[in-house]
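All of these numbers come straight from a predicted model, not from anything done at the bench.
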Amino acid sequence: MADLSWRDWNESVFEDAKASNRPVLLYLKVSWCRFCRELENAVFDDPEIVAAIERSYVPVCVDKEEFPQVDERYNQGGWPTLAVLTAGGEVITGGSDLTLDEARGLIDGAAQHYKEHEDEVGFDFHELFPEPDATKEVTHEIVDHVGRAILDAFDRRHGGFGNGQKFPHPESLDFAILYYAKTRNPAFQELVQKTLTAMTEGRLFDPVSGAFFRYCATRDWRQPHTEILLDTQTGFLRNYLEGYQLFGRDDFRVTATKVLSYLEHTLRDPETGAYFGSQDADDVYYTLDEIQRRDRKAPPTESSVYSNSLASTVSSLLKAGSVLQDEAVRERGRTALHFLLENMYLPGRGMYHSWDGSPHILGLLTDQIHVARALVHAVQYTGDNQYLPILEDLLQTIRKKESANHGGFYDISEDDLQFTQTRRRNTTLLENGIMAEVLVRASCLLAEPEYHDLAGRTLQAFASHYQLSGYHTAPYARAVELYCHSPLQVFVVGAKGNEARERMLQLAQATYVPSKVILAIDPETEGELLQRHGFPASDAPVAYLCREHAGIAEVTDPDQLVGRMQASVG
């Protein structure tokens with residue numbers, strides 16, 4: 001790697017490729033990927049291959065975490081990926097996890113093919129957005145269909161999904177928990193409890209550090225790949241907290257607290273309060289017990305912060321603080337959110353993607369939607385409405401990525417000029433599903449029906465082909481459920497500091513009700529927000545329980561609130 005003149009991903013790479021009549025060799029890597037390091041040692045340290053690359057290509061190296069939009073377009077099935085591109089950004093050929101001989105064959109063969117067939121290779125990129133079928137409606141059948149797909153993929157013997165490698169799927173477990181809470185279908189109770197239990201009893205979970213590894217190579221959870229990703233921890237933190245709430249399993253609570261400890265002691269930056277994206281693999285280190293590890297250096301952590309994964313961490317920490325009644329955990333979530341807003345948010349323009357002392361890459365959809373969701377959760381779990389104007393600003397920024405023809409959202413907007421070399425905009429079911437859920441919740445918090453309608457158009461764009469993604473469709477299905485069945489909305493109206501008001505807010509935050517939305521309003525200082533929602537000011541605190549636009553109950557006694565909330569599930 002040291003002798004190879006890798007370029008950074010930017011427009012000049014493609015300008016030089018065109019001027020020199022050479023293709024681009026794109027190397028996609030991830031910092032925590034052991035296979036990437038093996039490729040670098042076996043392939044890019046080979047003098048013959050280095051010479052061939054320098055002679056025939058414009059080489060560019062891209063880290064997936066830093067440029068997710070590049071990875072989304074060019075990944076050939078995993079990391080490391082080698083992709084050969086034309087000067088216009090079109091794919092000629094590529095592959096992943098290549099041996100030395102395979103890499104040499106690709107590098108030599110693609111260069112020769114490009115010389116001989118320069119005018120024929122590649123294809124024109126276009127905006128990748130599926131044509132929606134206007135006859136397909138967004139109905140609850142979508143939710144039931146995804147539920148059946150998840151059950152079909154469930155490994156009843158070992159837990160998890162599939163019969164081969166076992167990757168964590170926190171989003172699918174989110175859906176299964178929600179589906180069980182709504183239907184009480186015992187098959188989903190089995191799925192959730194067996195999977196959560198099997199993952200902690202197997203080797204996917206490291207009980208010493210309190211972290212979950214990236215995945216296991218076998219279906220019985222016994223051969224872990226020991227990279228540790230922030231996204232995995234925060235997803236499972238949410239799963240185990242809700243499993244504890246729903247099933248009363250104290251072992252699930254214990255697992256959640258161990259994950260919190262890992263996040264605090266390993267991935268949290270004590271100087272900024274932000275959380276790093278990953279910790280490197282070390283198969284030997286993770287076989288040692290706690291005492292043995294004291295004499296060995298722990299695997300290094302990444303030194304960059306990413307908006308999307310940090311925002312997901314904020315959401316999980318705020319939830320954990322409420323469920324576990326731990327104000328220190330909740331405060332860590334608020335501190336991380338304030339880091340995002342102070343260092344990576346540009347009013348009117350949205351979120352930057354990464355931070356390593358300064359912010360980089362403005363405007364990716366993945367960052368905007370995860371931060372928007374974190375702002376929704378901040379309002380709900382802190383009772384602080386200072387985040388509402390920022391949420392509104394961010395939603396308006398995201399709307400620049402809306403497709404006028406199809407109703408969903410592209411990953412970049414038309415004015416994101418730094419990505420013009422990709423020559424296309426893209427969309428994913430996952431991101432649009434999350435966006436639709438954010439829109440429904442924002443509609444409740446802001447009393448803006450337009451956001452609910454926009455969520456419907458977003459979901460409509462995928463209603464004709466969501467089945468192609470199987471159980472990976474879970475976030476989309478969760479959004480459909482939320483869209484079709486309005487969440488329980490709890491509006492706590494009362495002066496801040498009032499004992500009864502604070503008690504009702506605390507109970508509402510800690511009680512498990514699937515998909516609930518909570519908004520606290522102080523009539524003395526937030527009269528406009530109170531008027532927007534149509535509630536009267538009163539001397540004593542009141543909790544209004546609503547669905548759709550209809551009231552269910554008015555609760556003035558905090559001791560009655562939990563029962564009234566739980567009776568509303570359905």
Given the ring of Phe252, does Arg249 sit roughly above its face, with NZ or CZ under 6.0 Å from the centre of the six-membered ring and within 45° of the axis?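 Yes - Arg249 lies over the ring of Phe252, closer than 6.0 Å to its centre and within 45° of its axis.
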
Apply the ring-ring contact (aromatic ring centres under 6.0 Å, His included) test between Phe213 and each candidate in Trp32, Tyr286, Trp221; give the one that qualifies.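 Testing Phe213 for a ring-ring contact (aromatic ring centres under 6.0 Å, His included) against Trp32, Tyr286, Trp221 leaves exactly one candidate, Tyr286.
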
If we only count heavy atoms from C-beta on, is the [X] to [Y] side-chain gap below 4.5 Å?
| X | Y | result |
| --- | --- | --- |
| Val371 | Tyr345 | no |
| Leu429 | Thr473 | yes |
| Leu482 | Arg441 | yes |
| Val376 | Leu391 | yes |
| Cys36 | Tyr27 | yes |
| Phe247 | Tyr180 | yes |
| Val259 | Glu264 | no |
| Glu65 | Tyr306 | yes |

Audit row: Tyr275, Val305, side-chain contact (heavy atoms from CB on, under 4.5 Å) steps and yes/no: CA-CA 6 Å; Tyr275 291 77; Val305 172; over 6 Å; no

If we ignore angles and hydrogens, is there a donor and acceptor under 3.5 Å between the side chains of [X] and [Y]?
| X | Y | result |
| --- | --- | --- |
| Tyr262 | Asp206 | no |
| Glu66 | Trp9 | no |
| Gln460 | Glu137 | no |
| Thr366 | Asn308 | yes |
| Ser322 | Arg330 | yes |

Near Tyr244 OH, under 6.0 Å, is it more than 12 heavy atoms from other residues, nucleotides or ligands?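 No, OH of Tyr244 has 12 or fewer neighbouring heavy atoms, counting only those of other groups under 6.0 Å.
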
Does atom CG of Asp8 have more than 12 heavy-atom neighbours, drawn from other residues, nucleotides or ligands, at distances under 6.0 Å?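 It does not: Asp8 CG has 12 such atoms or fewer within range.
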
Over 60° means perpendicular and under 30° means parallel, so tell me whether [X] and [Y] are parallel, tilted or perpendicular.
| X | Y | answer |
| --- | --- | --- |
| Tyr215 | Phe167 | parallel |
| Phe236 | Phe212 | tilted |
| His140 | His485 | perpendicular |

Can you sort out the partners of [X] under salt bridge (Lys or Arg N to Asp or Glu O under 4.0 Å), two or more places apart, ordered by chain and number?
| X | value |
| --- | --- |
| Arg37 | Asp280 |
| Asp231 | none |
| Glu528 | none |
| Arg373 | none |

How far does [atom1] of [X] sit from [atom2] of [Y], to the nearest 0.5 angstrom?
| X | Y | atom1 | atom2 | result |
| --- | --- | --- | --- | --- |
| Leu375 | Tyr387 | CG | OH | 8.5 Å |
| Leu191 | Phe161 | CG | CZ | 4.5 Å |
| Ile228 | Thr301 | CD1 | OG1 | 10.5 Å |
| Ser278 | Arg214 | OG | CZ | 11.0 Å |
| Glu227 | Thr232 | CD | OG1 | 10.0 Å |
| Leu341 | Ile390 | CG | CD1 | 4.5 Å |

Check the pair Phe67 / His353 against ring-ring contact (aromatic ring centres under 6.0 Å, His included), numbers first and verdict last. CA-CA 9 Å; Phe67 289 88; His353 174 62; 8.2 Å; no

Non-hydrogen atoms of Ala463 and Ile142 that approach each other most closely: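 Smallest heavy-atom distance, with atoms named: CB-CD1, 4.3 Å.
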
Looking at every heavy atom in both Ala281 and Arg34, which two are closest together, and how far apart are they?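 Between these two residues, the closest heavy atoms are CB-NH2, 3.9 Å.
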
My understanding is that only residues two or more places apart in sequence, or in another chain, count here; which of them pass side chain to side chain donor-acceptor pair (under 3.5 Å) with [X]?
| X | value |
| --- | --- |
| Thr195 | none |
| Gln396 | Tyr451 |
| Glu271 | none |
| Glu526 | Asn385 |

For a side-chain contact (heavy atoms from CB on, under 4.5 Å) check, start with the C-alpha distance between Tyr352 and Leu346, then their side-chain angles and the critical distance, and finish with the verdict. CA-CA 8 Å; Tyr352 284 93; Leu346 190 60; 4.1 Å; yes

Kindly state each residue pair satisfying ring pair (Phe, Tyr, Trp, His ring centres under 6.0 Å) with at least one member in residues 355-379, sequence neighbours excluded.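 Applying ring pair (Phe, Tyr, Trp, His ring centres under 6.0 Å) to every pair that reaches into residues 355-379, excluding sequence neighbours, yields Phe339-Trp355.
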
Residues [X] and [Y] bridged, charged N to O under 4.0 Å:
| X | Y | value |
| --- | --- | --- |
| Asp174 | Arg238 | yes |
| Arg399 | Glu450 | yes |
| Glu242 | Lys319 | yes |

Would you sort out whether Tyr179 and Phe175 count as a ring-ring contact (aromatic ring centres under 6.0 Å, His included), showing the intermediate values? CA-CA 6 Å; Tyr179 202 81; Phe175 175 88; 5.5 Å; yes

Qualifying residues under side chain to side chain contact (heavy atoms under 4.5 Å, CB included), relative to [X], sequence neighbours excluded:
| X | result |
| --- | --- |
| Thr397 | Asp393 |
| His533 | Ala447, Phe491, Leu519, Ile521, Leu529, Phe535 |
| Ala508 | Val490, Ile518, Leu561, Met565 |

Take Tyr476 and Glu437, measure what side-chain contact (heavy atoms from CB on, under 4.5 Å) needs, and give me the verdict at the end. CA-CA 8 Å; Tyr476 173 75; Glu437 181 174 348; over 6 Å; no

Kindly indicate, with the supporting measurements, whether the criterion side-chain contact (heavy atoms from CB on, under 4.5 Å) is fulfilled by Leu178 and Ser515. CA-CA 8 Å; Leu178 170 68; Ser515 301; 3.7 Å; yes

Under the 3.5 angstrom rule, does the side chain of Gln279 hit a backbone N or O of Pro299 as a donor-acceptor pair?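 Pair found, side chain donor or acceptor close to backbone of Pro299.
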
Look at the side chain of Asp522 and the backbone N and O of Lys496, then say whether any donor-acceptor pair between them is shorter than 3.5 Å.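 The answer is yes, because a donor-acceptor pair under 3.5 Å joins these two groups.
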
